[in-house]
Every structure is written in structure tokens, then in C-alpha cells.
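Protein chains get the first letters and strands the later ones, always in sequence-line order, with residue 1 at the start of each.
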Amino acid sequence: MDIQAKYYDPSQVEDKWYAWWLQNKFFHSEPDSRTPYTVVIPPPNVTGILHMGHVLNNTLNDVLVRKARMDGKNACWVPGTDHASIATESKVVAKLKAEGISKEDLTREEFLKHAWEWKEKHGGIILSQLRKLGASCDWDRTKFTMDPDLSEAVINTFVYFYKKGYIYKGVRMVNWDPEGLTAVSDEEVIHKDTPSKFYHMRYFISDGNGKATDKYIVVATTRPETIMADAAVCINPDDERYHWLKGKKVLIPLINKEIPIIEDSYVEMDFGTGCLKVTPAHDVNDYEIGLRHHLPVIDIIDDHGRLTADAQILVGEDRFVARKKIAKMLEEAGNLEKTVDYTSPIGYSERTNAVIEPKLSAQWFLKMDALAKDALESVESGKVKLIPDKYRNTYKHWMENVRDWCISRQLWWGQRIPAYYLPDGRYVVENSPEAALEAARKLDPSIKAEDLRQDEDVLDTWFSSWLWPISVFDTQKAGHPEKEGNADLKYYYPTNDLVTGPDILFFWVARMIMAGNEFMHDVPFRNVYLTGIVRDKLGRKMSKTLGNSPDPLELIQKYGADSVRLGMLLCSSAGNDILYDEAMIEQGRGFCGKIWNAYRLIGLWEAEDKAQSAENAVAVQWFTDRLSQAVSQIEDHFSKFRISDALMTAYKLFWDDFCGWYLELVKPAFGEKMDAVTLKATLAFFEELLKMIHPIMPFITEELWQDLSPRDGQTIMLQPYPKAAAFDEKRIAAFETAKVAIAGVRGLRQEKGLSPKQALKVKLTAFPENMVSVLVKLANVEPLAEISGAGATVMAGTAKIDILLEGLVDNAGEKSKIEAEITRLEGFLVGVRKKLSNEKFVSGAPQQVVATERKKEADAVAKIEALKSALERL
RNA sequence: GGGAGCAUAGCUCAGUUGGUUCAGAGCAUCUGCCUUACAAGCAGAGGGUCACUGGUUCGAAUCCAGUUGUUCCCACCA
């Protein structure tokens, strides 16, 4: 034990041990005869940087993995990154723009070259940041969703589902992101209530020849810039106010285009004016109405959200600029009746935060109904457990109402859709140009390779990440359910636990279950631990714009990774949002300091050849029991994914019981030495505690464990986790009582004004004989005359002790309390006896439970008697 | 609009078939202590009508109904 430093300095410790762990490949896993414990990382965006959400996720993941590793499992945590098509592409576009290069000026190949350069430059950052946090990933297995072989798996999957008839191409109203210039899925649209205006516009009735009459109707809209694309004005057929309109036509303001009045029960009579302008090209519902009434589709907004020539006016203006301008024009033309403030839910792109524009376009879709049905069954049957299980409801709801998945994206960064078009517009879907050519020749033998044109679009990122738990082990399996799978896949799949945020339950978790069912005929993981979302201490989401998102690397720099990990776990009970507070990390630092100092204290002790004192024997015995008790509690917490409870159990064991009581008890008096038996036991305790804490705080525990004795190249991370032995709860309980008694004595001494007469008498018969001397030592008092052995009494300061030990207070004022207690106990007896007279309970419940009930009954009877006799005495 | 969840100390949360681990923990607060590992410490203390109202029960933080507040999910009413 050579540690000299007075304070723990993580910067001297963390990088050193992480490098050593890496060098010795302690994180690496290969299939062997042990039970595997497998986890795949939720792959962070390849160009992302570490934020607090990652810290939380990966800390939890690492705790689970390290715990499993110490439990003797073959732990394998596969790291990697996600290509994140929209996010990455928009970053690359922005970077090129800053350099004066426009994406439009580049060919696909040129752009991809830039994108790959970007990836090579930034792709490793987030993974290196995870190493700072102590993540014990098997870095040799690092994967990227656009690795050539993983991409191949994606293409195979597309071809597989296409040939199965699940993938089809269709024209649909999609959510268009005018900034990202791509369609996004329904799930990637965030609806936010946004203040806007309701424009009440006059549409004049046509005289039948395209001229306005003096009659008009009022149509309300939030999007006046789309009136040029109106195809009709719609009323509810039951709306008597507007029956006179039937069969008439109205003129679109400003452009005076004649459009019909139609009737559809979709229109709500009491919303707005009861008149709805139908704009099939720019609204999902209007599109549906248009289909029913065979209305023309007039598209006046281009991919960038600007008005097109078809709008006739304001051509080239951005839609929001056009809105303002057109409102003014309407007003000048006398068509604007009024505007009212209105809050409406507007869809925003999750990636770019641009307002989503509903837009008609040709996209690829994957049929979801059959896949969703199986995926629902996997969770309903418990094959996949969601933790906490409140998410089962939302999961079920989503699975039962799922719509087909739009899997095409109008981007370049991603796996290109393997559809190859013939010149006549027909297409074939194959996993390579060669196979496509062959297939195309079956349609048209004259086709040459250069005649085929591959689809320009790429696949949704989730269409690759849903294969993640399969493709990180075997890239040939996805798309080929008939293949056997390689040794890795057979050994590691299904993975055990998945730790991720609830925000991607549907994006990712549900879809992985689908892919697992389809290709592996088994779910991809057994447990899904859904963390909360990290918020600041005021409950706001972490965001760049609010500036409330701390940089985890700075925190690690300032406090050390162990402290950051502990702090994160301290404020994270499962399923609840995490209200991050730097004070929690300070608490982590405090705990590091406590461990460090406890170690320093023990390091000062020297042994000499002498007999172990009775007090020390009691202390060692007690802490042995206490340690086992805590380990069994921790195991229970881990089995229920109550990580912060497990942590708190270890925290209190170390701080309160070990440092606060045990060390104080055995600490030799100044200038004295310790007996060898106690010192040996103390060192053993300390080592067990280090191992217990290691999964949570890997660095400081390794540092101290290495210093504790020569380790010969061993690491704490591969030591067996402490095991619970049988322990005596009675001894623990007696000690707890002793703690209270001591507190009482201390309190007595502190409050000097308290006279002995006022103090209550406490009998110590409940204690083993040598416990009395323990009490005296800990209370740091001279025995108050009467203390001399079992059965002796000590003056103590609180009534609480008395009640604990005697069950009674010798005090007339307590009479009514006692009576109330008797009444309560009698009621309790009724309940217990009712339970015990129930055949089903007695024969059905475990014997142990029944026995407990009987004991409760007997105890209650005895207690009632005691209380009654006490009452008589009063 | 539809669905789900939540409401316990100043804050964040435990509380596992209704009772005997029932009112708890950590942090924060207050009061004493520089006691020879740690003042980043130690010893104490205060603090809650378990959201509200009814109901079931011998007994309710716990079960039921309603009310209020709040969060999330789904749908978008232009």
C-alpha cells in the first residue's frame, strides 16, 4: 500500500488504467464455453458529439456490462456508430456551403467523397469520448452502419422484402423537409403548437362566366399562400347556412380562378367558418378529399418551399414570405375580412427543425402490418420485457395503428435503393448491378448495362439500424433467414439487455424486434431498459439553443469520470426523466474522496501480535453480516434494473456502515497497533467493497485495488463480484438498536441540561454480552455506573430507544397511546386470522409466507397481552 | 379530440398481493464541533392532511369512483 497523495486526483488515474485495460484486451470477447452477456450500443450519430443523454445511457450500459463480467459471464459490448443520413448529410452540406461549394454543383460521387472525408475526420470523436467515460466496449468489434458489409446486409434486406411483396413504390403525400430536401417519416415529424394567424378570406361567387358577383363566402385558412392551389371550396352537406351554394362556383382571390363548391362531411360545421378551401397538393386531408371528388392536384410549392410558376403570382418567393405578402395583397384587394390570432399544431422536422411541407411524391414503402403484429406479440408475450413496463401500453398502441413505413430518402448519404430502371420505366430490384442486368434482360433481352439507371434515393437510416443486433455479428444473415448464421451470431444472439431512450422506442426498438423476428425467428434482446430524457434541473430539455446542456468532457475533466458516472446514476430512477444537477456530480466527487480517505486510514494501520478484542470481534462479525446483506440487496436491485437503488445501497454501506461505524469501532487508539486478525479482516472488507463499487466507479476502484496488494497483471474488472453468504439478521438488528442507543447517549451528553431523572432507563438484555462494551466504546463515555454486563442498564436520551427495546414507556401520559395501540392490534388480528382461515391462502401461498403470518398472529397476541398488563400497572 | 402515466419532506424520488421495515432515502436547510483518514468531514435537529372529495374495509399513501393539476404518446380543426 503505497498511496501517499492526500487527495484523489482522477487525472492521474483514469487515462492510465483505461490504456492498460485496452492494451490487455480485457474488454475483448470471443465465443467460449461461458454464458454470454451481450449488449449492443445504441449507435450514436457518426458525426455527433457526446451529450448528457449519451453519458446516462452508456454509464448504465457499462455498469450492466461490468457487473456481468464480474459475475463470470463472457461480456461483450459491441460499439459502433450510425451514419445518420439526414443529420450527417446536412452537416456536410453546411460545411461545403461554408467553403463556397453548393451540393447542386457536385456529382453524387463527388459529394460522397466529401461525406466520407468528413466521416473519417469526425467519425471517431464520439467513440473516443466514450472511452473517457470508461465504457468497456469491445473496440475490436467496432462497427459502422455504412461499413461495406453492413451496407450489403441492408441491400439484401431490401431485396428480400421486395421479393416477399412487402416493399412497394407509391405516390403518397409525404412529409417533406424543405431544408433537408427529403421526405421524412411520420415519426420524424414533431408537432408543436405554434402561434399563427387565421386569415378569413372572401371568395366571391362566380356569375358562371368567371366574373365575380357581389355575393361571397368567407373561408378561413392559416395558409393563404396556398390559395392559388385551391381546387375547390368544401362545405358540409348538412350545413344549412350554405345550402344556397350548392352547384355554384367561386373565384379564387387575386387570380380569379373559378373553382367548384363541393360537399364533404369531413368539414366541421362549427370550426372556422364552416367553409374549407381544398388544396390537394399541400394538405394531407385535402388530398384525401381531392381523391374522393376527383379534384385536380395543383402543386405550387417546390422542393425548397418556394412558390412555383404554377402559383402565377409571387413566383419564387419563400412560402413564409409569400404568406405575409399575400395577406397584404388580399387586404388591398378587399378579400381579407379579418385575421385572428390562432395557435395551431405545426409539424417540424426532427432533424432540421424546418416546417414540414406536405408534398406528393413517389416513395418506397415497407408494409408494416404483418411485421408489427409479430413485434407486438413479442412484447405482449414477455419475450421482450420493457422496463419500466408502462411503455407496453404505448408500444401496443403504436403497433396496432402503425402505417406503412416510408423508407426512401432523397439524399445521397446512405445505402442507395437497389432498384434499377429500364428505359421504358419498368424496374427490377436486385442486390447488384450484375444481377439487375440479368433480371432486366428477362424483361427485355436487348438491355445493356448502361441502359439501366439505379434509383437515386437512399434508404432511411433506421432501415439499416434495425439490423444492428444481427449485422454487427453476421453481415450475411439479414435478408437471408434461411442461412445458418456464423459462430458469433449463434453465440451472442439474442443480446441480453438494451439500454436506450424512450424517444426511439418505435423508430428503433420496435423495428429491431421486427427484423429479429423476420431473420432470426427470435427477438434481438430480452430486456429493454428505457431511460428517461435528461433535462436540466428546471425540467427543461437539454438543448443547444437554451445553452443548458453541459459538455460531458468538461465535467469529466473537472470531476473525473467516476464522479460523473455516479452523479448521473444518482438522479436516474428508471423511466423517470433525469433532472440533471451538477450537485449530483459533486456528490460523486465526495464519494471518491471518502473512498480514498478510508483507504488512507487503513494504510496507516499496523498489526502486532496480540489477541483480538471483544469489540473488534463483534465489529467484524457484524460487518460480515452486513456486507452479505447488502450484496443480496444489490443483487435484487440489479435483477430489477434498479441501478440507482443498487448504487445507493453500496453508497450507504460504504459511507455509513463501513466508514461511520466499522472503521470507528476497530480504529486503534492513538499510538497503538491493531491485532492481525482484525487488520486482515478489514483489508478483506475493503477489497470486497472495491469490487462491489467497481461497475459504477471503475477507475478509482482499480487504482486502489492495484495498490492494496501486488496483483501480478490482474485487473479488478475480472474479479468475481462479492457473493452474499448466509447472514444473521438478528445480529444486524441488534447492532442497529445499538446505534440508536449510542445516539441516545451522545445526545444526552450533548444536551448537558438534561437531568438523569428525565432520561429513560434502557435495558440492554437484548444484546449479546460483549455488545455492551461495544456500546461504551462507540458512545465514547464512561459507563454510567450501572453498565457492567448483560442485564445492566444505561441511561439514554431518547424515548425512541425505550420503545424499541421495551415496547413500553413507563409513563402515565402514554395510557391513551397504549389503548389505541391495543385497538389497532386487535383489528390487525382480525385481518390476519381472516387470512389464515382462508383455505386458499393456507394451501396456496408458499409455506414461508404462511409461517410469517402465523408468527405475526402470535406476536400480536403476545403484544396485546403485554400492553394490557402494562395498562393495569399504570 | 383519443389513449396512457404521474401527483408522498424545500428538491429528486423509494414505498413490491391494504397492517408489523409505514410515513422513508439521498440531496438541500438549521444547530453544534478544526475529535490525530476525510471540514469535500463528524454529531445532532427540524421538515409531509402521502393533490382534493367521496366510497369499500376492523384498518387506506396503497383498492374503487369522481375532481383538479401535470407529463408523454397518437390524431390533426382548414
Trainee: Go through the side-chain N and O atoms of T682(A) and Y662(A) and say whether any donor and acceptor fall under 3.5 Å apart.
Mentor: yes

Trainee: Would you please name every residue forming a side-chain hydrogen bond (donor to acceptor under 3.5 Å, both in side chains) with S632(A), sequence neighbours left out?
Mentor: none

Trainee: Give one of base, sugar-phosphate or nothing for A583(A), where a contact means two heavy atoms less than 4.0 Å apart.
Mentor: nothing

Trainee: Over how many whole Å does the gap from M399(A) atom CE to C73(B) atom P extend?
Mentor: 16 Å

Trainee: Applying salt bridge (charged side-chain N to carboxylate O under 4.0 Å, His left out), name anything that partners R626(A), two or more places apart in sequence or on another chain.
Mentor: D657(A)

Trainee: Are T394(A) and K396(A) close enough that a side-chain donor and a side-chain acceptor fall under 3.5 Å?
Mentor: no

Trainee: Do you know the tightest heavy-atom contact between M173(A) and D283(A)?
Mentor: CE-O, 3.3 Å

Trainee: Can you tell me how far P in U20(B) sits from the matching atom in U62(B), rounded to whole Å?
Mentor: 14 Å

Trainee: Looking only at non-hydrogen atoms, find the nearest pair between L530(A) and P502(A) and report the distance.
Mentor: CD2-CA, 3.8 Å

Trainee: R642(A) has a side chain; which of C74(B), A78(B), G15(B) sits nearest to it?
Mentor: G15(B)

Trainee: Considering only nitrogen or oxygen atoms on both sides, find all protein atoms under 3.5 Å from nucleotides 37-41 of chain B and state each distance.
Mentor:
{"unit_1": "A37(B)", "atom_1": "O2'", "unit_2": "N597(A)", "atom_2": "OD1", "d": "2.8"}
{"unit_1": "A37(B)", "atom_1": "O2'", "unit_2": "R600(A)", "atom_2": "NH1", "d": "2.9"}
{"unit_1": "A37(B)", "atom_1": "N6", "unit_2": "E664(A)", "atom_2": "OE2", "d": "3.2"}
{"unit_1": "A37(B)", "atom_1": "N3", "unit_2": "N597(A)", "atom_2": "O", "d": "3.1"}
{"unit_1": "A37(B)", "atom_1": "N3", "unit_2": "A598(A)", "atom_2": "N", "d": "3.4"}
{"unit_1": "C38(B)", "atom_1": "O4'", "unit_2": "N597(A)", "atom_2": "OD1", "d": "3.1"}
{"unit_1": "C38(B)", "atom_1": "O4'", "unit_2": "N597(A)", "atom_2": "ND2", "d": "3.4"}
{"unit_1": "C38(B)", "atom_1": "O2", "unit_2": "K594(A)", "atom_2": "NZ", "d": "2.9"}
{"unit_1": "C38(B)", "atom_1": "N3", "unit_2": "K594(A)", "atom_2": "NZ", "d": "2.9"}
{"unit_1": "G41(B)", "atom_1": "O3'", "unit_2": "K594(A)", "atom_2": "NZ", "d": "3.2"}

Trainee: Determine the stems involving RNA chain B; a stem requires 3 or more consecutive pairs of the Watson-Crick or G-U wobble kind, each with both distances below 3.5 Å, and the answer is none if no such run exists.
Mentor: B:1-7 with B:68-74, B:10-13 with B:24-27, B:29-33 with B:41-45, B:51-55 with B:63-67

Trainee: Please figure out whether F828(A) or D636(A) has its closest RNA chain B nucleotide nearer the 5' end.
Mentor: D636(A)

Trainee: Looking only at atom C1', what distance separates A61(B) and U8(B), rounded to whole Å?
Mentor: 7 Å

Trainee: Between P on U21(B) and CD1 on I732(A), what's the gap in Å once rounded to a whole number?
Mentor: 17 Å

Trainee: For nucleotides 1-7 of chain B, which of its nitrogen or oxygen atoms have a protein nitrogen or oxygen under 3.5 Å away, and what is each distance?
Mentor:
{"unit_1": "A4(B)", "atom_1": "O3'", "unit_2": "N393(A)", "atom_2": "ND2", "d": "3.3"}

Trainee: Compute the ring centroids of Y391(A) and Y395(A), then answer whether they are less than 6.0 Å apart.
Mentor: no

Trainee: Quick one: salt bridge (charged side-chain N to carboxylate O under 4.0 Å, His left out) partners of D286(A), sequence neighbours excluded?
Mentor: none

Trainee: Measure CG/L579(A) against P/C27(B) and give the value in whole Å, please.
Mentor: 18 Å

Trainee: Is E225(A) paired with R223(A) through a side-chain N to carboxylate O contact shorter than 4.0 Å?
Mentor: yes

Trainee: Find which nucleotide of RNA chain B each of K640(A) and M648(A) is nearest to by heavy atoms, and output the residue with the more 5' nucleotide.
Mentor: K640(A)

Trainee: Between G24(B) and G48(B), how far apart are the two C1' atoms, rounded to whole Å?
Mentor: 11 Å

Trainee: Report the residues that fulfil salt bridge (charged side-chain N to carboxylate O under 4.0 Å, His left out) with K6(A), sequence neighbours left out, ordered by chain and then residue number.
Mentor: none

Trainee: Can you tell which of C27(B), A14(B), A78(B) lies closest to the side chain of M584(A)?
Mentor: C27(B)

Trainee: Would you indicate which nucleotide in U16(B), A75(B), G26(B) comes nearest to any side-chain atom of K652(A)?
Mentor: G26(B)

Trainee: Taking side-chain hydrogen bond (donor to acceptor under 3.5 Å, both in side chains) as the test, write out the residues that go with E582(A), two or more places apart.
Mentor: K558(A), Y559(A)

Trainee: Taking only N/O atoms, report every protein-nucleotides 69-71 of chain B pair under 3.5 Å with atom names and distance.
Mentor:
none

Trainee: Quick test of your reading of the model: are E606(A) and K673(A) salt-bridged, counting only N-O distances below 4.0 Å?
Mentor: yes

Trainee: What is the nucleic acid contact for E268(A), judged by heavy atoms within less than 4.0 Å: base, sugar-phosphate only, or nothing?
Mentor: base

Trainee: Rounded to whole Å, how long is the line connecting atom CG of D286(A) with atom C1' of C76(B)?
Mentor: 12 Å

Trainee: Please state how far atom CG in L376(A) lies from atom P in C74(B), giving the value in whole angstrom units.
Mentor: 16 Å

Trainee: Suppose we screen for salt bridge (charged side-chain N to carboxylate O under 4.0 Å, His left out). Which residues come up paired with K640(A), at least two apart in sequence or across chains?
Mentor: D636(A)

Trainee: What is the distance from CG of N175(A) to C1' of C76(B), rounded to the nearest Å?
Mentor: 12 Å

Trainee: Once side-chain hydrogen bond (donor to acceptor under 3.5 Å, both in side chains) is applied, do any residues pair with Y599(A), and if so which ones, sequence neighbours excluded?
Mentor: D707(A)

Trainee: With sequence neighbours excluded, tell me which residues meet side-chain hydrogen bond (donor to acceptor under 3.5 Å, both in side chains) with N236(A).
Mentor: none

